[in-house]
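Data first, discussion second: the structure below is written as structure tokens.
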Amino acid sequence: MAKTRLVHQFGMGTSIRSRNYTEAAARAIRDALWHNSLNIADAFGFPKEAMLIDVEVGVQDPAAVDPAALLRIFPYGQPSVRLVKGGLDVDKPDGSGTSVIANAAVIVSFDMEPEHA
């Protein structure tokens, strides 16, 4: 079986006040899913559980993210999460804290048999 990538979705999420990297990452994933919702499994005649979902999230402090919380976002499919250094931390001008920006890429694939002529 060959893994065929079908959809790339991108999103951004923030934690403006609490500097919560997990919440910013979760918002980035939801942004990608909500703005690019597709019924890709139905279109190809696969069950939703067969979706292979590769998620990459960039934040300035990947160790501060709870990957299990991110996996719970997906109601079906086979998600995996990779956390990398990225995103952006923005200090507030008055020195009262830092806002966190996370970026997410969600790639949906299926294991598909190539057709032979």
Side-chain angles (χ1 to χ4, degrees):
M1 293 258 183
K3 186 175 180 180
T4 301
R5 292 181 175 198
L6 299 173
V7 178
H8 292 89
Q9 301 170 306
F10 305 97
M12 184 193 78
T14 61
S15 175
I16 302 296
R17 292 178 209 65
S18 63
R19 198 174 189 169
N20 185 323
Y21 288 91
T22 299
E23 189 56 40
R27 288 176 175 155
I29 291 169
R30 288 187 192 106
D31 182 55
L33 297 175
W34 289 343
H35 288 289
N36 301 292
S37 179
L38 298 172
N39 295 321
I40 197 75
D42 294 337
F44 285 90
F46 286 104
K48 291 178 182 176
E49 294 74 25
M51 290 179 15
L52 306 173
I53 306 168
D54 296 307
V55 179
E56 186 167 330
V57 178
V59 293
Q60 284 293 296
D61 187 1
V65 177
D66 177 5
L70 302 182
L71 290 172
R72 288 192 294 270
I73 293 170
F74 299 92
Y76 45 77
Q78 301 170 44
S80 65
V81 173
R82 181 172 171 243
L83 301 167
V84 299
K85 187 163 176 72
L88 186 65
D89 283 357
V90 181
D91 293 328
K92 294 183 181 178
D94 64 2
S96 65
T98 301
S99 294
V100 172
I101 301 172
N103 296 103
V106 178
I107 301 168
V108 178
S109 308
F110 290 97
D111 281 332
M112 302 174 92
E113 281 286 333
E115 289 189 32
H116 300 299

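Model, not experiment: these values are computed from the prediction.
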Original post:
Does a side-chain heavy-atom distance below 4.5 Å link V65 with V57?
Top reply: no
Subject >> Rounded distance [0.5 Å steps], OG in S109 versus NE2 in H8 >> reply: 7.0 Å
Subject >> pair T14-V100: side-chain heavy atoms closer than 4.5 Å >> reply: no
Original post:
Can you tell if the side chain of M51 reaches within under 4.5 Å of the side chain of Y76, non-hydrogen atoms only?
Top reply: yes
**OP:** Write down the atom of I53, the atom of G77, and the distance for their closest heavy-atom approach.
**Re:** CD1-CA, 4.1 Å
**OP:** Check whether any side-chain heavy atom of V106 sits under 4.5 Å from a side-chain heavy atom of L33, and report yes or no.
**Re:** yes
Subject >> Donor-acceptor contact below 3.5 Å, side chain D31 vs main chain G13 >> reply: no
Original post:
Do V84 and F10 sit in the same hydrophobic cluster, where Ile, Leu, Val, Met, Phe, Trp and Tyr count as joined when their side-chain heavy atoms come under 4.5 Å apart?
Top reply: no
Original post:
Hey, is R17 close enough to E23 for a salt bridge, meaning N to O under 4.0 Å?
Top reply: no
Original post:
Are F44 and L6 side-chain neighbours, meaning at least one heavy-atom pair lies under 4.5 Å?
Top reply: yes
**OP:** Answer yes or no: is there an ion pair linking K85 with D61, defined by an N-O contact shorter than 4.0 Å?
**Re:** no
Original post:
At what distance, to the nearest 0.5 angstrom, does CD of E56 lie from CD1 of I107?
Top reply: 7.5 Å
Original post:
Linking I/L/V/M/F/W/Y whenever their side-chain heavy atoms sit closer than 4.5 Å, directly or via other members, would V108 and I73 fall into one cluster?
Top reply: yes
Subject >> Any donor-acceptor N or O pair under 3.5 Å, side chains T22, D66 >> reply: no
Subject >> Any side-chain heavy-atom pair of V55 and R82 under 4.5 Å >> reply: no
Original post:
Which distance, rounded to the nearest 0.5 Å, do you find between the OG of S80 and the CG of L70?
Top reply: 11.5 Å
Subject >> Minimum heavy-atom distance F110-A50, with the two atoms named >> reply: CD2-O, 3.6 Å
**OP:** Answer yes if L52 and V7 sit in the same cluster of Ile, Leu, Val, Met, Phe, Trp and Tyr residues linked by side chain heavy atoms under 4.5 Å apart, and no otherwise.
**Re:** no
Subject >> Option from V90, L88, I16, D89 for which side-chain contact (heavy atoms from CB on, under 4.5 Å) with T98 holds >> reply: D89
Subject >> Any I29 side-chain heavy atom under 4.5 Å of F74 side chain >> reply: yes
**OP:** Return the minimal non-hydrogen interatomic distance between S15 and A24, and the atom names on each side.
**Re:** N-CB, 3.8 Å
